[in-house]
Amino acid sequence: MEYVSRVPRPPLDGLIDDLYYLEGAPPYARLTLPPMPAALLIVNLGAPFRIRGGTDIETTEYADGCVVTTPTRAFEFSYPLPTRSVGVHVKPWGLAPFLPMPAVELCDRPVTVEQVWGRAAVAELRDRLATAEGPHEMLTLLEEELMRRLADTAGLGLIRHTSSVIAATSGAVAIDDLRASAGVSSTHLTQRFKQLVGVTPKRLARTYRFAASVFSINPAEPIDWADLASRAGYFDQAHFGHEFRAFTGLTPTRYVDVRRRFLREHPGHVMDGWPLPTD
């Protein structure tokens, strides 16, 4: 697969981790994406893909693309063969200036880009992207669209600062301390987080801690689970295992088995690192 990525220019870089272009044959027909402290926007340029999010039983087809706020559960992503899209990996608070609705309304409920920006606008954007000369021009077009849609968002400074502290500590921070230092009530902070991030600050901290623990795993080496759980700030190994299953639906050892399968079957693949084979 071809994967091209770059960081956007200011002020988007304070909201977005990177813009990317993806084209080719996916490593597996279905991939599971564990939750991570980030949001996602994809503009699809190929055949429709399918997503089964949260606790959904059935998958839903997305022709124009999708918008996913910070998730609390793993979701299943089925790529077409081949696939072609441009997308945005967004910081937890970063989607808020581009959404016409509170982020909490989309929590674990992916929607199409049309539902967010409107059918006519998305059709025009997809046409311009499809006729661009190459990935770099496509990313520039997407960046320009985001700059044009960037809106002032009440409370964003508070949520960005608080979320950044949570991120810097990998979730190991007392939310009451953050609330006190910000000079706001817990109710106000929670409401703002739900509106702009889609989850509570406590839930975001849990997600950061989970992500940090997962990224510390080297599947190519033996793993001391008790030590890993302790370093990640969990009460004990049982607490870590419970959180792991809540986020992924897998035990930690089963997760490593699946990661090793990906490494074995597709060494060096551009998508290796977070998605897991579902089949």
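Keep in mind it's a predicted model, so treat the numbers as computed, not measured. In what follows, every heavy atom counts, from backbone to side chain, and hydrogens, waters and symmetry copies are set aside.
Using a 3.5 Å distance cut-off with no hydrogens or angles, the side chains of T112 and Q115 do pair a donor with an acceptor. A side-chain donor from one of E265 and Y28 sits under 3.5 Å from a side-chain acceptor of the other. For T187 and S185, the side-chain atoms include no donor-acceptor pair closer than 3.5 Å. Defined by atom type and a distance below 3.5 Å, a donor-acceptor pair is missing between the side-chain atoms of T190 and T200. For the residue pair T32/R52, the side-chain donor-acceptor check at 3.5 Å is not satisfied. Side-chain polar atoms of D108 and T72 form a donor-acceptor pair below 3.5 angstrom. For the residue pair T59/R50, the side-chain donor-acceptor check at 3.5 Å is satisfied.
More than 12 heavy-atom neighbours from other residues, nucleotides or ligands sit within 6.0 angstrom of CD on E2.
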Stepwise side-chain contact (heavy atoms from CB on, under 4.5 Å) test for L228 and Y234: CA-CA 9 Å; L228 189 150; Y234 291 98; 6.0 Å; no
Stepwise side chain to side chain donor-acceptor pair (under 3.5 Å) test for S5 and D18: CA-CA 6 Å; S5 169; D18 73 308; 2.5 Å; yes
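For Y255 and F244, the ring centers are positioned less than 6.0 Å apart. Here the two rings, on F193 and W93, have centers that are 6.0 Å apart or farther.
Using a 4.0 Å cut-off between charged side-chain N and carboxylate O, E145 and R149 make a salt bridge.
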